[in-house]
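A note on names: the letters A, B, ... follow the listed sequences, proteins ahead of strands, and every chain is numbered from 1.
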Number of protein chains: 2
Amino acid sequence: MFFIISYKYRSAMPGGQQRKKDMARSDARYREAYNTLLDHCATLPPGAVLPAESALSAIAGVSRTVIRRCLSRLEETGLISWDGRDKRILRTPAPEDRIVLADGHGASDDLERRFLDWILRFDVPANTPLSVAELSRNFDVPQHELKEFLAGLSRFGLVARRKQGGWMLLGFTREFAVELSDFRTVLELNAISHVIDAPVDHPVWPRLREIRAAHLALRSRIDTDFHEFSKLDEAFHEAVNSVVKNRFVAEFQKVISLIFHYHYMWDKTHEKIRNAAAIGEHLAIIDALEARDGDAARDAARRHLKTSKTTLLSSLRAHEFA
Amino acid sequence: MFFIISYKYRSAMPGGQQRKKDMARSDARYREAYNTLLDHCATLPPGAVLPAESALSAIAGVSRTVIRRCLSRLEETGLISWDGRDKRILRTPAPEDRIVLADGHGASDDLERRFLDWILRFDVPANTPLSVAELSRNFDVPQHELKEFLAGLSRFGLVARRKQGGWMLLGFTREFAVELSDFRTVLELNAISHVIDAPVDHPVWPRLREIRAAHLALRSRIDTDFHEFSKLDEAFHEAVNSVVKNRFVAEFQKVISLIFHYHYMWDKTHEKIRNAAAIGEHLAIIDALEARDGDAARDAARRHLKTSKTTLLSSLRAHEFA
DNA sequence: GTATCGCTTTTAATTATTTAATACTGTTTT
DNA sequence: AAAACAGTATTAAATAATTAAAAGCGATAC
């Protein structure tokens, strides 16, 4: 009983805002909901009656508990009157009525990309112990999120738990690269087969035509713009794999394409020659696909993936001896 | 300063054992290390000098911090004398000197199997909200372990976060089953190709011969023992896939085989006929493999996997209308 | 000079606390 | 009477706080 009522008075305590120390869980949800409610009130004239608590909870996308906390504050601030079901707007909310949102970690969503980026860019060696505390600081993400993220990565065999606690980076070893390349080949050849069977009105066909044109255009100015190939490579493989509608394939493809993409970008040895050759390989695949010649397409793809694998491995070797 | 010294006296406090409430983290590591050290002491005669702290930490596989805590207790119990580097055994340890290991959650390792078992056995519907607290109670696993586990599963698209917090079971929908089957087909056909290329002295060949014999034996008594097929099915697919040495494939295969295995066990409709047919399909694959006929093997495998897919889907449909 | 120790600092596992979500219950409104 | 609603109680999720363990760092003994 007291528990609920106390909401009404809590924010009236000295300081107004809660001390950070007391907040086991952030009240960001409440703050956002409050502002959303303000916006809603702004659309109504003074004297208007507010809808039911459950209706408001639907509007703000939060539970009734949060709504009641918001209403308490609205009443207290003098924005509304509140007695049971009767909730009336007293005055139109002003900009200064909003509560500031404690700047949360907006960084969380991008974590995977930034983490892989870090590993590949700084060439973090295999068997490096990963400190959750340190990663948390560097990536500006709460520790528990990082733990969940690492738990997810462990499913890909990229990291593993250490017996003495914490985590350890397993890849990027030679074995990892080989197995990744092999797995990519399996997925990609399957995708090629799917493209061959795609109906004539499938969006992949115009997309491939565009990509072919882009390849030809880049080939004509390869001497100067060879570094643009990386983007083209990603687009090509994305187009081919887009035909396969499979959540498992998609999940892996995300990681695979990221890793290959970065290696293409950073391995600068013979970059121009490599990219020129890859353009040729891509065009061969597209030719075979458009001719609906499955065997030829798979052969061409196999050749291209073999080149990719070799490139990936040699870039690892280069780092090893660096 | 006081913090560390207190180790020496803490265990002398009333009760001897720490109150559970005070233990933010379990001291299981210390307890195990202590017993290990006792075992080590038992091999030495009284009066013998114990090795350096770092050496002991290597023996017990823990940090020096834990070793020092153990030494404190050993000294206190009168088992050793300890003054700086001088550590001598005073008497041979007796069985009652061991500390009891607080029975921890030995349940953690088996979590994946038990979780999938639960989903499939009780036919938990798609879009069911999963409560970490409840799962934690039912599976007798700490909450944070469950969160990490669910984070891992989300990589397979089996579960996902909810915006209002917590997790939600996504599969087992029809789409999930279709995509899982398709993915399994891709992996399995690849495995078949690998088997074909395996050298004559590869262990897969004798294994397949054994499995063929087991199939023939079961076929002769299929009328009574048809339910034994489930084990045979698992053995067959495991043998074929064992040829592919790939961490990504292996990780998926674990989940896939579990799911198909359970469905074979529980879908009781036409079980005898289904299993008899599957035996024939398996034998056809084995025949083609032993004849080193890649195309025939892949065709046979495709037929078998198609049957499997149909069975999986119809078992889902059966549940839907139940 | 180097191996080892005492002590300090840092990290990770786990509990505890706070906020939010949900379930339940009786009352009011239609 | 039935539906909608607010008040209350319970439960869960996020995250801070706490403790065990690990790692690090001079000092010291050999």
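Heavy-atom distances under 4.0 Å link DNA chain D to B:L130, B:S131, B:V132, B:A133, B:R137 of residues 124-137 of chain B, given in residue order.
Among the nucleotides D:dA14, C:dG6, C:dA13, the one closest to any side-chain atom of A:H144 is D:dA14. In the set D:dT15, C:dA20, C:dG26, D:dT15 carries the atom at the smallest distance from any side-chain atom of A:S26. Closest to the side chain of B:R29, from the set D:dA21, C:dT14, D:dC5, is D:dA21. Distances were taken from every side-chain heavy atom of A:S63 (C-beta onward) to each of D:dA12, D:dT19, C:dT22; the shortest belongs to C:dT22. Each of C:dG6, D:dA21, D:dA22 was ranked by its minimum atom distance to the side chain of B:T65; first place goes to D:dA22. For B:K147, counting side-chain heavy atoms from C-beta on, the closest listed nucleotide (C:dT14, C:dG6, D:dT15) is D:dT15. Of the candidates C:dT19, D:dA6, D:dA16, the closest approach to any side-chain atom of A:K87 belongs to D:dA6.
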Query raised in the report: Does the salt bridge (charged side-chain N to carboxylate O under 4.0 Å, His left out) test come out yes or no for A:R88 and A:D83, once each step is laid out?
Result: CA-CA 9 Å; A:R88 284 162 199 283; A:D83 181 38; over 6 Å; no
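Checked by distance alone, A:R85 brings a side-chain donor or acceptor within 3.5 Å of a matching partner on the base of D:dC5.
The CG atom of A:L71 sits 14 Å away from the P atom of C:dA20 (whole-angstrom rounding). Rounded to a whole Å, the CG atom of B:D83 is 8 Å from the P atom of C:dG6. Here the C1' atom of nucleotide D:dA20 and the CD1 atom of B:I99 are 14 Å apart, to the nearest Å. Atom CD in A:Q164 sits about 7 Å away from atom P in D:dA22, given to the nearest Å. In this structure, the CD atom of A:E145 is 10 Å from the P atom of D:dA14, given to the nearest Å. Whole-Å rounding puts the A:R25 CZ to C:dA21 P distance at 6 Å. The nearest whole Å value for the distance from the CD atom in A:E53 to the C1' atom in C:dA20 is 15 Å. Atom CH2 of A:W167 is separated from atom P of D:dA22 by 17 Å (rounded to the nearest Å).
Centroid-to-centroid, the aromatic rings of B:F248 and A:F252 come within less than 6.0 Å.
Both A:E148 and B:R64 lie close to DNA chain D; mapped to their nearest nucleotides by heavy-atom distance, the more 5′-ward contact belongs to A:E148. Of the two residues contacting DNA chain D, namely B:R161 and B:A28, the nearest-nucleotide position lying further toward the 5' end is that of B:R161.
Taking 4.0 angstrom as the limit, B:R69 places a side-chain polar atom (N or O) nearer than this to OP1 or OP2 of D:dA21. At the phosphate of D:dA23, OP1 or OP2 sits under 4.0 Å from a side-chain N or O atom of A:R162.
Salt-bridge annotation for B:E32 and B:R29: absent, with no side-chain N of the basic residue lying under 4.0 Å from a carboxylate O of the acidic one. The pair B:R91-B:D97 meets the salt-bridge criterion, since a charged nitrogen lies less than 4.0 angstrom from a carboxylate oxygen.
Screening B:R68, B:K87, B:R64 for a side-chain contact (heavy atoms from CB on, under 4.5 Å) involving B:L56 leaves a single residue, B:K87.
Below 30°, between 30° and 60°, or above 60°: for A:F139 and A:F115 the angle between ring planes is between 30° and 60°, a tilted geometry.
More than 12 heavy atoms of other shown residues, nucleotides or ligands fall within 6.0 angstrom of atom CG in B:D86.
Contact annotation for B:K163: no contact, since no heavy-atom pair falls under 4.0 Å across all strands.
At least one side-chain heavy atom of B:C70 sits less than 4.5 Å from a side-chain heavy atom of B:Y30.
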